[in-house]
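One is the number of the first residue; the rest follow in order along the sequence. Quick caveat: nothing in here was measured; it's all calculated off a predicted structure.
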Amino acid sequence: MEKTTTVAVDSRVEVFLHDGPKKLFIGGEFVESLSGRTFDTTNPATGEVITTVYEADKEDVSRAVEAAERALKGSWSKVTASERGKLLWKLADLMEEHAEALAQLETLDNGKPIQETRHADIPLAIDHFRYYAGWATKIHGEVIDNSAGVNLFTYTRREPVGIVGQIIPWNFPLLMATWKLGAALATGNVVILKTAEQTPLSAIYLAELIQEAGFPEGVVNIITGYGPTAGAAIVQHQRIRKVAFTGSTEVGKVIMQQASSNLKRVSLELGGKSPNIIFPDADFTKAIPGALMGIFFNQGQVCCAGSRLFVHKKVFDNVLSDMTSYASKLKQGPGMDESTRIGPLVSDKQFTRVSNYLQRGVEEGASPLTGGQPLDTNGFFIPPTIFADVQDHMSIAREEIFGPVVAAMPFDDEEHITDIIRRANDSEYGLAAGVWTTDIRKAHKVAHALEAGTVWVNCYNAFDAAVPFGGYKQSGFGREMGSYALELYTQVKSIWINLD
Ligand code: NAP
Ligand code: MG
């Protein structure tokens with residue numbers, strides 16, 4: 001009999017999933033939505049309903065804003081920077097205690113392999129809070145010597161923006177929640193965060209830990225609901241001063257327009273079609289697994305996925321043959337099976353979208369070397385797919401597919417990198433890029449010439465809380481992580497004192 005490697009469901013997950021519809025976290029309490037409406041969240045590996053959550057609407061957003069405002073003017077304003085840091089650190093400790101439950105919930109709700117949630121999503125999320133816990137005590141203004149008058153004393157303060165709205169996607173639900181919350185809370189803001197409708201569970205679980213950590217009520221409000229209702233209500237609310245969004249470029253544009261009603265500050269982390277370039281002098285023992293991981297990690301549902309693979313023509317056939325042989329052996333199955341390397345896509349909608357691209361690729365003349373056909377099961381499974389015979393103008397080479405599908409294209413200039421740079425930059429997007437070469441001069445030259453917010457050389461998908469991440473062009477603006485994210489959540493006040 002084959003040894004089962006399916007994970008036994010953690011008892012905390014059982015309790016969490018079976019104590020009734022999951023509530024909104026507003027003003028430090030778990031509450032039903034005012035309308036009483038709920039919606040289901042499903043397990044993408046089976047298509048079955050996991051549990052039900054309350055559906056927030058405009059009125060619930062208003063209620064959250066009132067709670068946040070009370071906290072901003074009251075209890076939170078009395079919490080010192082050091083105490084804010086301690087709260088974030090305590091939250092990270094609690095997440096560590098609950099790491100297995102969080103990993104399982106994320107896998108059940110999103111579909112991604114438990115090996116990834118245990119070893120990437122959850123540890124990165126915990127580390128993110130620890131990193132920003134350290135920043136809380138290091139945010140300060142400066143004394144500025146001015147030339148306006150000898151007895152005029154000037155200094156600046158870095159103050160929180162105030163009430164902040166945050167809208168996150170479903171591809172890394174908990175990690176995206178922490179990317180948003182960490183910098184905002186370290187800098188003393190209050191938050192209303194909306195999860196993606198497909199993946200509400202890990203953030204609700206996080207809300208329980210936020211409550212346990214002892215954040216004053218109303219500092220963090222987490223709501224579950226739909227984009228055009230709850231999401232739009234956040235973007236349009238007149239007392240929310242900033243909106244931070246991660247998701248599609250299409251919705252990013254709507255958000256920017258709607259945020260103009262009260263000139264909210266906006267930061268947008270949007271889509272991508274990132275080029276990954278393999279030069280003939282690359283170390284292939286690193287480049288081949290790197291290119292595979294660059295596209296197939298998280299079933300390709302990654303904004304910075306290396307979805308346009310440019311391989312020098314001298315090595316194209318060999319690289320593609322090795323990649324194909326490896327990709328066709330990647331074990332695909334339910335995320336809760338420890339041996340699974342590729343899980344299902346997040347939803348029926350995403351499955352249909354990616355399936356359509358598979359069909360479109362073939363219609364446009366590309367050839368799948370492996371994959372190419374959706375699996376005929378109840379879950380939302382698409383096999384890792386590598387397309388060859390791709391032209392730069394094809395939709396599979398230009399549009400964000402957000403699935404395990406790579407468009408591989410040869411290039412042939414090596415010494416003069418102008419042409420490959422032009423092709424790599426010929427995109428509306430500019431989120432990330434990869435370069436594989438052992439020539440240090442070429443590595444830097446190419447890295448400087450690429451229009452992307454992140455360039456990985458001889459690695460891909462490397463992340464750290466200290467290193468900024470964000471887009472060029474239509475991949476958005478604003479930088480999350482590192483000291484850069486502090487800019488998003490603070491405003492500078494100049495103070496003049498007349499000493500005469
Ligand atoms: P999406 O619509 O951009 O969703 C992202 C978030 O925005 C969700 O919380 C969503 O709520 C919310 N939202 C949607 N419409 C809104 C509106 N009018 N006002 C305020 N908030 C709104 O992304 P999707 O439909 O889930 O995915 C579609 C495509 O977007 C994917 O195929 C992929 O290409 C891209 N995408 C990119 C990223 C990224 O990290 N760059 C992440 C996810 C998706 P709901 O959950 O209710 O929709
Ligand atoms: Mg789900």
Side-chain angles (χ1 to χ4, degrees), residues 4-19 22 25 30 41 43-45 50-51 53 85-134 168-183 185-186 193 195-196 198-215 220 222 224 297-299 301-302 334-341 343 346 461-466 481:
T4 170
T5 46
T6 300
V7 175
V9 177
D10 190 288
S11 57
R12 293 168 297 190
V13 172
E14 293 281 9
V15 171
F16 179 82
L17 292 180
H18 297 112
D19 66 353
K22 304 315 298 177
F25 183 58
F30 288 92
T41 185
N43 177 348
I50 307 173
T51 190
V53 301
K86 269 196 220 156
L87 284 166
L88 280 168
W89 196 276
K90 173 96 186 284
L91 179 55
D93 285 347
L94 286 170
M95 287 166 77
E96 209 154 51
E97 275 172 39
H98 290 259
E100 178 60 17
L102 285 166
Q104 291 192 13
L105 266 185
E106 202 76 316
T107 288
L108 285 169
D109 211 8
N110 168 284
K112 59 173 77 191
I114 188 78
Q115 297 288 8
E116 287 180 14
T117 52
R118 278 181 184 159
H119 301 294
D121 297 67
I122 310 305
L124 283 169
I126 293 168
D127 191 53
H128 195 84
F129 279 150
R130 293 222 167 103
Y131 175 82
Y132 280 102
I168 58 171
W170 42 258
N171 54 344
F172 294 90
L174 186 72
L175 188 59
M176 290 301 106
T178 58
W179 278 26
K180 294 278 176 282
L181 293 171
L185 296 174
L193 178 135
T195 65
Q198 298 86 347
T199 53
L201 298 180
S202 56
I204 304 174
Y205 198 97
L206 179 71
E208 293 184 1
L209 303 183
I210 287 170
Q211 194 182 41
E212 193 179 335
F215 280 85
V220 182
I222 295 182
T224 49
F297 179 60
N298 206 32
Q299 296 67 243
Q301 302 166 128
V302 182
M336 288 294 270
D337 182 332
E338 283 175 338
S339 65
T340 289
R341 291 294 170 272
V346 71
N461 280 341
F463 283 96
D464 186 80
M481 304 212 279

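Classified by interplanar angle (parallel below 30°, tilted 30° to 60°, perpendicular above 60°), the ring pair Phe463/Trp179 is tilted.
Looking only at distances, no side-chain donor or acceptor of Glu212 sits under 3.5 Å from a matching main-chain atom of Leu94. A donor-acceptor pair under 3.5 Å links the side-chain atoms of Lys22 to the main chain of Phe16, judged by distance alone. Here the side chain of Gln104 pairs a donor or acceptor atom with the backbone of Ala8 at under 3.5 angstrom. In this structure, the side chain of Asn298 does not engage the main chain of Phe172 through any donor-acceptor pair within 3.5 Å. Thr107 places no side-chain N or O within donor-acceptor distance of the main-chain N or O of Met336, the cut-off being under 3.5 Å. Judged by distance alone, the side chain of Asp127 and the main-chain N or O of Asp464 form no donor-acceptor pair under 3.5 Å.
Minimum interatomic distance between Pro169 and Met176 (heavy atoms only, all atoms of both residues): CD-CG, 3.9 Å. Heavy-atom minimum distance, Ala465 versus Met481: O-CB, 3.4 Å. Of all the heavy atoms in Pro173 and Ser202, the pair that sits closest is CB-OG, 3.8 Å. Of all heavy-atom pairs spanning Ala207 and Ile222, the tightest one is CB-CD1, 4.1 Å.
Looking at heavy atoms from C-beta onward, Leu193 lies out of side-chain contact with Val220 at the 4.5 angstrom threshold. Two residues are said to be in side-chain contact when any heavy atoms from C-beta on lie closer than 4.5 Å; Ile210 and Leu91 meet this criterion. Using a 4.5 Å cut-off on side-chain heavy atoms (C-beta onward), Tyr205 and Leu102 make contact. Counting only heavy atoms from C-beta outward, the side chains of His128 and Met95 never approach each other to under 4.5 Å.
A side-chain donor from one of Thr41 and Asp109 sits under 3.5 Å from a side-chain acceptor of the other.
In summary, Glu97 and Arg12 do not engage in a salt bridge, as defined by a charged side-chain N under 4.0 Å from a carboxylate O.
With rounding to the nearest 0.5 angstrom, the CD1 atom of Ile126 is 5.0 Å from the CD atom of Glu96.
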